[in-house]
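See below for the structure under consideration.
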Amino acid sequence: MTADTYQVPDLAPGTFHRTEQIIKKSRFITSVAHTKTPEEAKRFIEKIRQEFADATHNCWAFNASAAGSTAQIGASDDGEPHGTAGKPMLTVLIHCEIGELTAVVTRYFGGTLLGTGGLVKAYQSSVRQALETLPTCEKVIVRSLKVTVEHKFLTLILRALPEFRGTIRCQEFGMDVMLEIEMPEQEIEKFSSKLTNMTSGAVLIELEEEPTAD
């Protein structure tokens, strides 16, 4: 994995990964899904809450952005003592090197109190257990850029794109050629330098403000 990629759950839309363990007679069921936005995360959480409506607790945590990011996160103890479930689960998610995922740990109380330390360990171990067998795939962080050049340089640019893993999203032909290109963020600087050299500086390159993932 490089700086312009990260791992995400390799799960089809509408599906999820599930594991289960028993700790001091309490049943812990962990459900993990690929969620790209906080809205997707909340829909998945509600789905699991409805499935296990009779459970003692449905605690959850999500990271709806890149691996290690805290830009779009959330967590809930769902009635467990404060700080014993949601936050410990979120800590595992943030440090697991996987992005865009939501974990819901459903607990059926077995009659034996675990104590605050025991609860933290139980919820963290439940998430870690699920992540150990979670299928993942690589996701590439890309940026869009607009390139405006004279028509005579078009063939040179098209030949250069594969070297930088770039793809053309759209193109417009007028007095000049305008190309909207997507490529891995790390390739932008090298690609821009090559275009400048190929065209002797007769190129306009405009970057979008924020990177996206493909």
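The residues of the chain are indexed from 1 along the displayed sequence.
To the nearest 0.5 Å, the span separating CD1 on I98 from CD on Q7 amounts to 7.5 Å. Put simply, CD on E180 and OG1 on T148 are 11.0 Å apart, with the number rounded to the nearest 0.5 Å. How far CD of Q129 is from OG1 of T30: 6.5 Å, rounded to the nearest 0.5 Å. Here H95 contributes atom NE2 and E97 contributes atom CD; the two are 10.0 Å apart, rounded to the nearest 0.5 Å. To the nearest 0.5 angstrom, F28 atom CZ is 11.0 Å from E20 atom CD.
Contact of the I181 side chain with the K146 side chain is not registered, since no non-hydrogen atoms from C-beta on lie closer than 4.5 Å. For the pair F173/L154, a side-chain contact is recorded, criterion being any heavy-atom separation below 4.5 Å from C-beta on. You'll find the side chain of K139 stays beyond 4.5 Å of the side chain of T5, heavy atoms only. Contact of the E185 side chain with the V142 side chain is not registered, since no non-hydrogen atoms from C-beta on lie closer than 4.5 Å. You'll find the side chain of D176 stays beyond 4.5 Å of the side chain of V149, heavy atoms only. Side-chain atoms of M178 and Q171, non-hydrogen and from C-beta on, never get closer than 4.5 Å to each other. Contact of the I73 side chain with the L90 side chain is registered, since non-hydrogen atoms from C-beta on lie closer than 4.5 Å. Under the 4.5 Å side-chain criterion, counting only non-hydrogen atoms from C-beta, K24 is not in contact with L113.
Cluster membership check: I205 shares its hydrophobic cluster with L156, using side-chain heavy-atom separations under 4.5 Å among Ile, Leu, Val, Met, Phe, Trp and Tyr. Cluster membership for L204 and L207, using ILVMFWY side-chain heavy atoms within less than 4.5 angstrom, is not shared. Note: the hydrophobic cluster containing L119 also contains V127 (ILVMFWY, side chain heavy atoms under 4.5 Å, direct or indirect links). M175 and V203 fall into different hydrophobic clusters, where Ile, Leu, Val, Met, Phe, Trp and Tyr side chains are chained together by heavy-atom contacts under 4.5 Å. Put simply, I45 and L134 are part of two different groups of oily side chains (I, L, V, M, F, W, Y) that touch within less than 4.5 Å, one to the next.
Salt-bridge formation is not detected for the pair E182/R165: no Lys NZ or Arg NE/NH1/NH2 atom is positioned less than 4.0 Å from an Asp or Glu carboxylate oxygen. Comment: E39 does not engage K42 in a salt bridge, judged by the lack of any side-chain N to carboxylate O separation of less than 4.0 angstrom.
For residues 104-119, every residue pair satisfying the side-chain hydrogen bond (donor to acceptor under 3.5 Å, both in side chains) rule, not counting sequence neighbours, is listed here: S26-R107, D54-Y108, N58-T106, E80-R107. Residue pairs meeting the salt bridge (charged side-chain N to carboxylate O under 4.0 Å, His left out) criterion with at least one partner in residues 193-207, sequence neighbours excluded, are E163-K194.
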In a table with atom names and distances, give each donor-acceptor pair under 3.5 Å that connects a side chain of residues 81-89 to protein atoms at least two apart or in another chain.
residue	atom	partner	partner atom	Å
T84	OG1	P81	O	2.6

Verify side chain to side chain contact (heavy atoms under 4.5 Å, CB included) between E172 and V177, making sure each step is shown before the conclusion.
CA-CA 6 Å; E172 297 177 6; V177 180; over 6 Å; no
Between T136 and V8, is the side chain to side chain contact (heavy atoms under 4.5 Å, CB included) condition met? List the steps.
CA-CA 5 Å; T136 63; V8 297; over 6 Å; no
May I have the step-by-step check of salt bridge (charged side-chain N to carboxylate O under 4.0 Å, His left out) for E187 and K190, ending in yes or no?
CA-CA 6 Å; E187 302 286 4; K190 291 180 290 183; 3.2 Å; yes
Taking it one step at a time, do K25 and F109 satisfy side chain to side chain contact (heavy atoms under 4.5 Å, CB included)?
CA-CA 7 Å; K25 300 182 180 180; F109 181 56; over 6 Å; no
Run V104 and F62 through side chain to side chain contact (heavy atoms under 4.5 Å, CB included) and show every step you take.
CA-CA 9 Å; V104 182; F62 71 80; over 6 Å; no
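Side-chain N or O atoms of N197 include none that pairs as donor or acceptor with a backbone N or O of S200 at under 3.5 Å. With hydrogens and angles ignored, the 3.5 Å screen pairs a side-chain donor or acceptor of T196 with a backbone N or O of S192. In this structure a side-chain-to-backbone donor-acceptor pair under 3.5 Å is missing from S69 to S65. Listed for the H34 side chain is no donor-acceptor partner under 3.5 Å among the backbone atoms of L101. Between the side chain of S126 and the backbone N or O of A122 there is at least one donor-acceptor pair closer than 3.5 Å.
A side-chain donor-acceptor contact under 3.5 Å links Y6 and E100. Using modelled atom types, one finds no donor on one side chain facing an acceptor on the other under 3.5 Å when comparing T35 with E40. When only modelled atom types and interatomic distance are considered, Q21 and S125 share a side-chain donor-acceptor pair under 3.5 Å.
Closest approach of V32 to A130, counting heavy atoms only: CG2-CB, 3.9 Å. P184 approaches V140 most closely through the heavy-atom pair CG-CG1, 3.8 Å. Residues P9 and C137 come closest through the heavy atom pair O-SG, 4.4 Å. Between W60 and G74, the closest heavy-atom pair is CZ3-C, 3.5 Å. Here the closest heavy-atom approach between residue Y123 and residue C59 is recorded as OH-SG, 3.6 Å. Of all the heavy atoms in H17 and T19, the pair that sits closest is NE2-CG2, 3.9 Å.
Using a 30° and 60° split on the angle between ring planes, F16 and F44 fall in the tilted class, from 30° to 60°.
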